[in-house]
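Let me begin by presenting the structure, written as structure tokens, before commenting on it.
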Amino acid sequence: MSHLATANDLFFKRAGLDEARTERIVREALGGTDDGELFLEYSQSEMLAWDDGKLKSASFDVSQGFGLRAVKGETVGYAHASSLDEQALKRAATTVRSVATGKGGTAAEGPRGTNSILYTDTNPLDGIPFERKVKLLEEIDAYARGKEPLLKQVSASIAASWQVIEIVRADGRRVADVRPMVRLNVSVVAGKGDRMESGSSGSGGRIGYSGLFEPEYWKKQTDEAIRQALVNLQSVDAPAGEMPVVLGAGWSGILWHEAIGHGLEGDFHRRKTSVFTHLMNQRIASPGVTVVDDGTMRDRRGSLTVDDEGTPSQRNVLIEDGKLVGLMQDRLNARLMGVAPTGNGRRQSHAHSPMPRMTNTIMLAGDKDPQEIMASVKRGLYAVNFGGGQVDITNGKFVFSCTEAYLIENGKPTSPVKGATLIGSGSEALLKIGMVGNDLEMDLGVGTCGKDGQGVPVGVGQPTLRLDGLTVGGTAT
């Protein structure tokens, strides 16, 4: 069954909406506006969490609803409801129709079609019994405790969702998408004497559940969580000061996602609140640095066949050989800036209006061997995994905490350190990239990005690279 057929079955057959009347309501509500759409959504989600040797929680949720948006100039009217009935839609139409009296610009054309399907449409919540899911979590707990006697606590969770969306436009165009998502997380606490340290690992993507139940899959994540905890048990206080920092491949890309990615979203540029405003086609990074946002990667957590406005996702080059060449756009900001939307219009749910957001943001590989990069540093920090961070979009200043990092001494990683934070600004850090590795890796599929109270799944990636002269906050005295 096609995605549109699946969506029509949910929204117009089971929910009882009449197709012709729905299209007429949308057409009348959006008459005289510059843009807008009806966003229909149906989703199922579940999560099972294991802790302290037992099933701690299990949840299952079904939600549905719509969001109706009308756009006139910069003015947006948005109404939503957690029901799919004609009367609610009519009330929403009355609400958003008021924006048609405002000043407008040029009416935007509808999104073009797409033939690309980037992930399975199979519902991951179907097919595997609840008891088998609980058994998986029990197996993870037993495996971890049997492998490492220093473990004091084991926590594991699995989660899945299945989202169906359909977008109806005033001209009658309709587009749909069926989006699966799964995720596995394992966290452990290891103790030795009076010292306790943690480690965690997770993975997932727009795939089905079945792969997560293969022993080689969940054992890999469990082993990684144990490894991190044992490494942290040996850690010493982190040094402080300005020093070279080597970022590991993969998840370290979260630093660029936060420190520069948001600053390259179209709304911040149009409002002139980004530190990169007015720098298009100018050098903002070291030569050899290329950053893309690619929503077209198969099965990735941040990928989308179409975005939440119906625009097909694409591979957008943001920084090319150090120069700023592109931005991420939704339909509203693209129209006001006189450019094309890039497939980055995203929303958390039908209760939220779309805005420009990242998908999979990646710094591409360079030509340096990772060992050569490490050998080039006499004394510095090797940062591999990150936890929380804070970023100011207006100036790009960031603070990121490292959950796994090592001293670099005479070109080799040595003692693991604890309490290390990276402090700087994205615009300055881009220009301090001294070497870019040839070992590009993507994250394992656990990222969620927050903006204006909305969370959406994203991906990041990068190769090993060296930053020259980044400030490290540490606890060593």
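Just so we're clear, the structure is a prediction, and the values are computed from it rather than from any experiment. Just so it is clear, the values below take in all heavy atoms, side chains as well, and ignore hydrogens, waters and symmetry mates.
Formation of a donor-acceptor pair under 3.5 Å by the Thr33 side chain with backbone atoms of Leu30 is found in this model. Judged by distance alone, with hydrogens and angles left aside, the side-chain atoms of Gln462 form no donor-acceptor pair with the main-chain N or O of Gly250 at under 3.5 Å. Between the side chain of Arg300 and the backbone N or O of Gly459 there is no donor-acceptor pair closer than 3.5 Å. With Gln454 contributing its side chain and Gln348 its backbone, the two residues share a donor-acceptor pair below 3.5 Å. With hydrogens and angles disregarded, no donor-acceptor distance shorter than 3.5 Å links the side chain of Thr361 to the backbone of Met358. In terms of modelled atom types and a separation under 3.5 Å, the side chain of Thr342 and the main chain of Gln329 share a donor-acceptor contact. Of the possible polar contacts, none joining the Lys397 side chain to the Ile423 backbone as a donor-acceptor pair under 3.5 Å is found. Within the 3.5 Å criterion, the main-chain N or O of Ser155 finds no donor-acceptor partner in the side chain of Ser187. Thr305 places no side-chain N or O within donor-acceptor distance of the main-chain N or O of Ser313, the cut-off being under 3.5 Å.
Heavy atoms from other residues, nucleotides or ligands lying under 6.0 Å from CZ of Arg283 number more than 12. Within 6.0 Å of the NZ atom in Lys432, the count of heavy atoms belonging to other residues, nucleotides or ligands exceeds 12. Heavy-atom neighbours of Lys323 NZ from other residues, nucleotides or ligands within 6.0 Å: at or below the threshold of 12.
Nearest approach of Pro111 to Gly310, heavy atoms of both residues: CB-O, 3.3 Å. Heavy-atom minimum distance, Trp162 versus Asp121: NE1-O, 3.0 Å. Considering all non-hydrogen atoms of both residues, Thr222 and Ala144 come closest at CG2-CB, 3.6 Å. Val246 and Thr464 make their closest contact through CG1-CG2, 3.7 Å (heavy atoms, listed as atom of the first residue, atom of the second, distance). Ala159 and Met47 get closest at one heavy-atom pair: CB-CG, 4.0 Å. In plain terms, the two heavy atoms of Ser274 and His269 that are nearest each other are OG-NE2, 3.7 Å.
In this model, a donor atom of one side chain and an acceptor atom of the other lie less than 3.5 Å apart for Ser43 and Ser63. No side-chain N or O of Arg179 forms a donor-acceptor pair with one of Ser161 less than 3.5 Å apart. Side-chain contact annotation: Thr403 with Asn385, donor-acceptor N/O pair under 3.5 Å absent. A side-chain N or O of Ser201 and one of Gln221 form a donor-acceptor pair less than 3.5 Å apart. With 3.5 Å as the limit, one finds a donor-acceptor pair spanning the side chains of Arg174 and Asn8. Asn360 and Ser303 share a donor-acceptor pair across their side chains, judged by distance under 3.5 Å alone.
To the nearest 0.5 Å, atoms OH (Tyr143) and CD1 (Ile226) are separated by 6.5 Å. Atom OH of Tyr42 is separated from atom CD of Glu166 by 15.0 Å, given to the nearest 0.5 angstrom. Note that the CH2 atom of Trp256 and the CG atom of Leu318 stand 13.5 Å from one another [nearest 0.5 Å]. Interatomic distance, CD of Glu265 versus CG of Asn333, reported as 10.0 Å (0.5 Å rounding). Here the CZ atom belonging to Phe66 is positioned 10.0 Å from the OG1 atom belonging to Thr22, to the nearest 0.5 angstrom. Annotation: the span from Leu247 atom CG to Met363 atom CE amounts to 8.5 Å, rounded to 0.5 Å.
At a threshold of 4.5 Å between non-hydrogen side-chain atoms, the residues Pro457 and Arg346 count as touching. With contacts defined as side-chain heavy-atom distances shorter than 4.5 Å, the pair Ile362/Val291 does not qualify. Here the side chains of Thr448 and Val456 are not in contact, with every heavy-atom distance at 4.5 Å or above. Side-chain contact between Ile373 and Val436 is absent, with no heavy-atom pair separated by less than 4.5 Å.
We find that Glu309 and Arg347 are not joined by a salt bridge, their nearest charged nitrogen and carboxylate oxygen being 4.0 Å or further apart. Taking a cutoff of 4.0 Å between a charged side-chain nitrogen and a carboxylate oxygen, Asp468 and Arg466 qualify as a salt bridge. The existence of a salt bridge linking Arg227 and Glu404 is confirmed by a sub-4.0 Å separation between a basic side-chain nitrogen and an acidic carboxylate oxygen. Salt-bridge check for Arg357 with Asp267: failed, with every basic side-chain N at 4.0 Å or more from each acidic carboxylate O. Between Arg270 and Glu74, at least one side-chain nitrogen of the basic residue sits less than 4.0 Å from a carboxylate oxygen of the acidic one, meeting the salt-bridge criterion. Note on Arg132 versus Glu139: salt bridge recorded, some NZ/NE/NH1/NH2 to OD/OE distance being below 4.0 Å.
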Stepwise side chain to side chain donor-acceptor pair (under 3.5 Å) test for Gln64 and Glu41
CA-CA 5 Å; Gln64 62 182 12; Glu41 179 190 30; over 6 Å; no

One pair to check against side chain to side chain donor-acceptor pair (under 3.5 Å): Thr120 and Arg206. What are the steps and the verdict?
CA-CA 7 Å; Thr120 178; Arg206 294 198 180 278; over 6 Å; no

Could you walk me through whether Glu214 and Lys219 satisfy the salt bridge (Lys or Arg N to Asp or Glu O under 4.0 Å) test, starting with their C-alpha distance in whole Å, then the side-chain angles of each, then the deciding distance to 0.1 Å, before giving a yes or no?
CA-CA 9 Å; Glu214 297 296 328; Lys219 285 183 178 180; over 6 Å; no

Trace of the side chain to side chain donor-acceptor pair (under 3.5 Å) decision for Asp177 with Gln163:
CA-CA 8 Å; Asp177 197 16; Gln163 180 195 42; over 6 Å; no

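Val71 is linked by a side-chain contact (heavy atoms from CB on, under 4.5 Å) to Asp35, Arg69, Val76, Leu332, Arg335, counting only residues two or more places apart in sequence or in another chain.
Between His80 and His352, the ring centre distance reaches or exceeds 6.0 Å.
The aromatic rings of Tyr209 and Phe213 sit perpendicular, their planes meeting at an angle over 60°, well past the 30° parallel limit.
The side-chain hydrogen bond (donor to acceptor under 3.5 Å, both in side chains) test with Asn344 singles out one residue from Asn316, Asp330, Asp307, and that residue is Asn316.
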